[in-house]
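Data first, discussion second: the structure below is written as C-alpha coordinates.
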Amino acid sequence: MPDTLLIVPLAEAHLDDCARIAAQAPDPWSRANLEKAEDGGTHRAFVALQDGTVAGFACFLCTPGNADLQQVVVDEAHRRHGVARQLLQTAFAQLATEGTERILLEARASNFGALALYQRLGFKLLSYRHGMYSHPTENGLLLGLALPGRPAAWSY
Ligand SMILES: CC(C)(COP(=O)(O)OP(=O)(O)OC[C@H]1O[C@@H](n2cnc3c(N)ncnc32)[C@H](O)[C@@H]1OP(=O)(O)O)[C@@H](O)C(=O)NCCC(=O)NCCS
(Lines give C-alpha, C1' and ligand atoms only; values in the text may rest on other atoms or scores of the structure.)
Protein backbone atom coordinates (compact mmCIF):
# COMPACT_ATOMS: atom_id res chain seq x y z
CA MET A 1 0.00 0.00 0.00
CA PRO A 2 1.52 3.38 -0.96
CA ASP A 3 2.74 5.41 2.07
CA THR A 4 2.09 8.76 0.48
CA LEU A 5 -1.52 8.23 -0.54
CA LEU A 6 -3.96 10.83 0.70
CA ILE A 7 -7.74 10.33 0.37
CA VAL A 8 -9.73 13.58 0.21
CA PRO A 9 -13.18 14.69 -0.99
CA LEU A 10 -13.36 15.37 -4.73
CA ALA A 11 -13.01 19.12 -5.35
CA GLU A 12 -13.35 21.29 -8.44
CA ALA A 13 -9.56 21.43 -8.75
CA HIS A 14 -9.48 17.65 -9.31
CA LEU A 15 -12.06 17.58 -12.12
CA ASP A 16 -9.67 17.80 -15.09
CA ASP A 17 -7.50 14.95 -13.80
CA CYS A 18 -10.54 12.86 -12.89
CA ALA A 19 -12.04 13.39 -16.35
CA ARG A 20 -8.79 12.14 -17.92
CA ILE A 21 -8.73 9.10 -15.63
CA ALA A 22 -12.47 8.46 -16.11
CA ALA A 23 -11.83 7.89 -19.82
CA GLN A 24 -9.80 4.77 -18.89
CA ALA A 25 -12.84 2.90 -17.53
CA PRO A 26 -14.82 0.28 -19.50
CA ASP A 27 -17.91 2.52 -19.16
CA PRO A 28 -16.37 6.01 -19.07
CA TRP A 29 -18.01 8.81 -17.17
CA SER A 30 -18.47 12.25 -18.67
CA ARG A 31 -17.15 15.38 -17.00
CA ALA A 32 -20.80 16.34 -16.33
CA ASN A 33 -21.21 13.20 -14.21
CA LEU A 34 -18.08 14.08 -12.26
CA GLU A 35 -19.32 17.63 -11.70
CA LYS A 36 -22.59 16.24 -10.35
CA ALA A 37 -20.67 13.92 -8.01
CA GLU A 38 -18.54 16.83 -6.81
CA ASP A 39 -21.60 18.93 -6.21
CA GLY A 40 -22.50 17.14 -2.96
CA GLY A 41 -26.15 16.58 -2.09
CA THR A 42 -26.87 12.87 -2.42
CA HIS A 43 -23.48 12.28 -4.05
CA ARG A 44 -20.21 11.68 -2.25
CA ALA A 45 -16.92 11.48 -4.11
CA PHE A 46 -13.31 10.91 -3.07
CA VAL A 47 -9.96 11.16 -4.78
CA ALA A 48 -6.68 9.44 -4.01
CA LEU A 49 -3.68 11.77 -4.20
CA GLN A 50 -0.28 10.18 -4.72
CA ASP A 51 2.41 12.78 -3.92
CA GLY A 52 -0.16 15.43 -4.80
CA THR A 53 -1.16 13.85 -8.12
CA VAL A 54 -4.66 12.46 -8.66
CA ALA A 55 -4.21 8.67 -8.89
CA GLY A 56 -7.87 7.68 -8.83
CA PHE A 57 -11.38 8.54 -7.74
CA ALA A 58 -14.56 6.91 -6.43
CA CYS A 59 -18.12 8.26 -6.59
CA PHE A 60 -21.17 7.16 -4.59
CA LEU A 61 -24.88 7.91 -4.71
CA CYS A 62 -26.23 7.87 -1.15
CA THR A 63 -29.73 7.10 0.06
CA PRO A 64 -30.61 6.45 3.71
CA GLY A 65 -28.49 3.51 4.86
CA ASN A 66 -27.11 2.72 1.39
CA ALA A 67 -24.29 3.99 -0.79
CA ASP A 68 -24.12 2.89 -4.43
CA LEU A 69 -20.58 2.84 -5.72
CA GLN A 70 -21.24 4.35 -9.13
CA GLN A 71 -17.69 4.60 -10.43
CA VAL A 72 -14.15 3.85 -9.29
CA VAL A 73 -11.19 4.33 -11.59
CA VAL A 74 -7.45 4.32 -10.93
CA ASP A 75 -5.04 5.88 -13.41
CA GLU A 76 -3.37 3.12 -15.44
CA ALA A 77 0.03 4.42 -14.28
CA HIS A 78 -0.92 3.78 -10.63
CA ARG A 79 -2.66 0.40 -10.83
CA ARG A 80 -1.82 -2.67 -8.73
CA HIS A 81 -0.27 -0.59 -5.95
CA GLY A 82 -3.23 -0.72 -3.58
CA VAL A 83 -4.69 2.66 -4.59
CA ALA A 84 -8.27 1.41 -5.15
CA ARG A 85 -8.21 -0.69 -1.99
CA GLN A 86 -7.06 2.19 0.19
CA LEU A 87 -9.36 4.69 -1.56
CA LEU A 88 -12.43 2.50 -1.08
CA GLN A 89 -11.63 1.43 2.47
CA THR A 90 -11.18 5.07 3.49
CA ALA A 91 -14.37 6.10 1.66
CA PHE A 92 -16.36 3.28 3.30
CA ALA A 93 -15.12 4.30 6.75
CA GLN A 94 -16.13 7.91 6.10
CA LEU A 95 -19.54 6.91 4.72
CA ALA A 96 -20.13 4.68 7.77
CA THR A 97 -19.68 7.71 10.04
CA GLU A 98 -22.41 9.42 7.98
CA GLY A 99 -24.93 6.58 8.48
CA THR A 100 -24.18 4.28 5.53
CA GLU A 101 -24.84 0.65 6.49
CA ARG A 102 -24.09 -1.09 3.22
CA ILE A 103 -22.37 -0.50 -0.09
CA LEU A 104 -23.97 -1.71 -3.30
CA LEU A 105 -22.48 -1.82 -6.77
CA GLU A 106 -22.86 -3.39 -10.17
CA ALA A 107 -20.00 -4.62 -12.33
CA ARG A 108 -19.61 -6.15 -15.76
CA ALA A 109 -19.29 -9.93 -15.52
CA SER A 110 -16.07 -9.70 -17.60
CA ASN A 111 -14.41 -7.09 -15.38
CA PHE A 112 -12.20 -9.61 -13.63
CA GLY A 113 -9.82 -7.03 -12.13
CA ALA A 114 -12.63 -5.06 -10.49
CA LEU A 115 -14.36 -8.25 -9.33
CA ALA A 116 -11.12 -9.46 -7.73
CA LEU A 117 -10.81 -6.12 -5.95
CA TYR A 118 -14.40 -6.28 -4.66
CA GLN A 119 -13.97 -9.86 -3.51
CA ARG A 120 -10.81 -8.83 -1.66
CA LEU A 121 -12.79 -6.07 0.07
CA GLY A 122 -15.43 -8.57 1.22
CA PHE A 123 -18.29 -7.92 -1.24
CA LYS A 124 -20.80 -10.74 -1.74
CA LEU A 125 -22.77 -11.57 -4.89
CA LEU A 126 -26.41 -10.54 -4.47
CA SER A 127 -27.88 -10.98 -7.95
CA TYR A 128 -27.33 -11.10 -11.72
CA ARG A 129 -28.81 -8.73 -14.24
CA HIS A 130 -28.95 -10.40 -17.62
CA GLY A 131 -27.86 -8.30 -20.58
CA MET A 132 -27.51 -5.22 -18.39
CA TYR A 133 -24.54 -3.76 -20.25
CA SER A 134 -24.03 -2.79 -23.87
CA HIS A 135 -20.92 -2.38 -26.07
CA PRO A 136 -20.47 -5.27 -25.58
CA THR A 137 -23.71 -6.76 -24.30
CA GLU A 138 -23.10 -8.72 -21.12
CA ASN A 139 -24.47 -9.52 -17.70
CA GLY A 140 -24.11 -7.32 -14.65
CA LEU A 141 -23.26 -8.65 -11.20
CA LEU A 142 -24.90 -6.89 -8.26
CA LEU A 143 -22.62 -7.00 -5.22
CA GLY A 144 -23.10 -5.85 -1.64
CA LEU A 145 -20.95 -5.18 1.40
CA ALA A 146 -22.40 -4.73 4.88
CA LEU A 147 -20.34 -2.19 6.83
CA PRO A 148 -19.39 -2.78 10.48
CA GLY A 149 -22.22 -2.00 12.87
CA ARG A 150 -24.94 -2.81 10.30
CA PRO A 151 -28.26 -4.35 11.37
CA ALA A 152 -28.00 -8.15 11.71
CA ALA A 153 -30.66 -8.66 9.02
CA TRP A 154 -28.29 -7.09 6.50
CA SER A 155 -25.35 -9.36 7.17
CA TYR A 156 -24.35 -11.25 4.05
C1 LIG B 1 -10.41 -2.03 -10.88
C2 LIG B 1 -9.40 -0.93 -10.50
C3 LIG B 1 -10.15 0.24 -9.90
C4 LIG B 1 -8.40 -1.51 -9.48
O5 LIG B 1 -7.53 -0.44 -9.10
P6 LIG B 1 -6.08 -0.74 -8.46
O7 LIG B 1 -5.63 0.46 -7.72
O8 LIG B 1 -5.19 -1.27 -9.51
O9 LIG B 1 -6.42 -1.94 -7.44
P10 LIG B 1 -5.54 -2.32 -6.15
O11 LIG B 1 -4.10 -2.22 -6.48
O12 LIG B 1 -6.03 -1.60 -4.95
O13 LIG B 1 -5.91 -3.87 -6.03
C14 LIG B 1 -6.29 -4.47 -4.80
C15 LIG B 1 -6.51 -5.94 -5.07
O16 LIG B 1 -7.58 -6.12 -6.00
C17 LIG B 1 -7.26 -7.20 -6.90
N18 LIG B 1 -7.05 -6.66 -8.25
C19 LIG B 1 -7.06 -5.37 -8.63
N20 LIG B 1 -6.88 -5.27 -9.97
C21 LIG B 1 -6.75 -6.53 -10.43
C22 LIG B 1 -6.53 -7.07 -11.73
N23 LIG B 1 -6.42 -6.30 -12.83
N24 LIG B 1 -6.43 -8.42 -11.85
C25 LIG B 1 -6.55 -9.22 -10.77
N26 LIG B 1 -6.75 -8.77 -9.50
C27 LIG B 1 -6.84 -7.44 -9.35
C28 LIG B 1 -5.98 -7.83 -6.36
O29 LIG B 1 -6.36 -8.79 -5.37
C30 LIG B 1 -5.32 -6.64 -5.71
O31 LIG B 1 -4.39 -6.98 -4.72
P32 LIG B 1 -2.87 -7.39 -5.17
O33 LIG B 1 -2.38 -6.35 -6.14
O34 LIG B 1 -2.14 -7.37 -3.84
O35 LIG B 1 -2.97 -8.75 -5.79
C36 LIG B 1 -8.58 -0.48 -11.78
O37 LIG B 1 -8.10 -1.62 -12.44
C38 LIG B 1 -9.39 0.34 -12.75
O39 LIG B 1 -9.47 1.57 -12.64
N40 LIG B 1 -10.03 -0.32 -13.75
C41 LIG B 1 -10.83 0.41 -14.77
C42 LIG B 1 -12.10 0.98 -14.17
C43 LIG B 1 -13.02 -0.11 -13.65
O44 LIG B 1 -13.14 -1.19 -14.20
N45 LIG B 1 -13.70 0.22 -12.52
C46 LIG B 1 -14.67 -0.69 -11.90
C47 LIG B 1 -16.02 -0.51 -12.52
S48 LIG B 1 -17.17 -1.70 -11.78
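Throughout, residue positions are numbered sequentially from 1 according to the sequence presented. Read the numbers this way: they start at 1 and go in the same order the structure lists the ligands and their atoms.
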When only distance counts, is [X] in polar contact with ligand 1, meaning an N/O pair under 3.5 Å?
{"X": "Arg85", "result": "yes"}
{"X": "Ala114", "result": "no"}
{"X": "Tyr118", "result": "no"}
{"X": "Ala84", "result": "yes"}
{"X": "Val74", "result": "yes"}
{"X": "Asn111", "result": "yes"}
{"X": "Arg120", "result": "yes"}

(request) Would you mind finding which of Leu141, Leu88, Leu117, Ile21 brings a heavy atom closest to atom 17 (C) of ligand 1? (result)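 Minimum heavy-atom distance to atom 17 (C) of ligand 1 goes to Leu117.
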
(message) As a check for students: among Val72, Val73, Asp75, identify the option with a heavy atom nearest to atom 43 (C) of ligand 1.
(response)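 Heavy atom nearest to atom 43 (C) of ligand 1 belongs to Val72.
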
(request) Verify the neighbour count for atom CD of Glu98: are there more than 12 heavy atoms of other residues, nucleotides or ligands below 6.0 Å? (result)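 Buried by this count: over 12 neighbours within 6.0 Å.
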
(request) Inspect the surroundings of CD in Glu35 and state if more than 12 heavy atoms from other residues, nucleotides or ligands are less than 6.0 Å away. (result)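 For Glu35, atom CD is crowded (more than 12 foreign heavy atoms under 6.0 Å).
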
(request) Looking only at protein heavy atoms, identify the closest one to atom 37 (O) of ligand 1 and say how far it is in Å. (result)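 Sorting protein heavy atoms by distance from atom 37 (O) of ligand 1 puts Arg79 CD, 3.5 Å first.
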
(request) Would you mind listing which atoms of ligand 1 come within a distance below 4.0 Å of any non-hydrogen atom of Pro26? (result)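 What qualifies from ligand 1 is 41 (C), 42 (C), 43 (C), 44 (O).
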
(message) At under 4.0 Å between heavy atoms, is it the side chain or the backbone of His81 that contacts ligand 1, or both, or neither?
(response)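 For His81, the contact with ligand 1 is made by the backbone alone.
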
(request) Look up atom CG in Leu10 and atom NE2 in His43, then write down how far apart they are to the nearest 0.5 Å. (result)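 Here the rounded value is 11.5 Å.
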
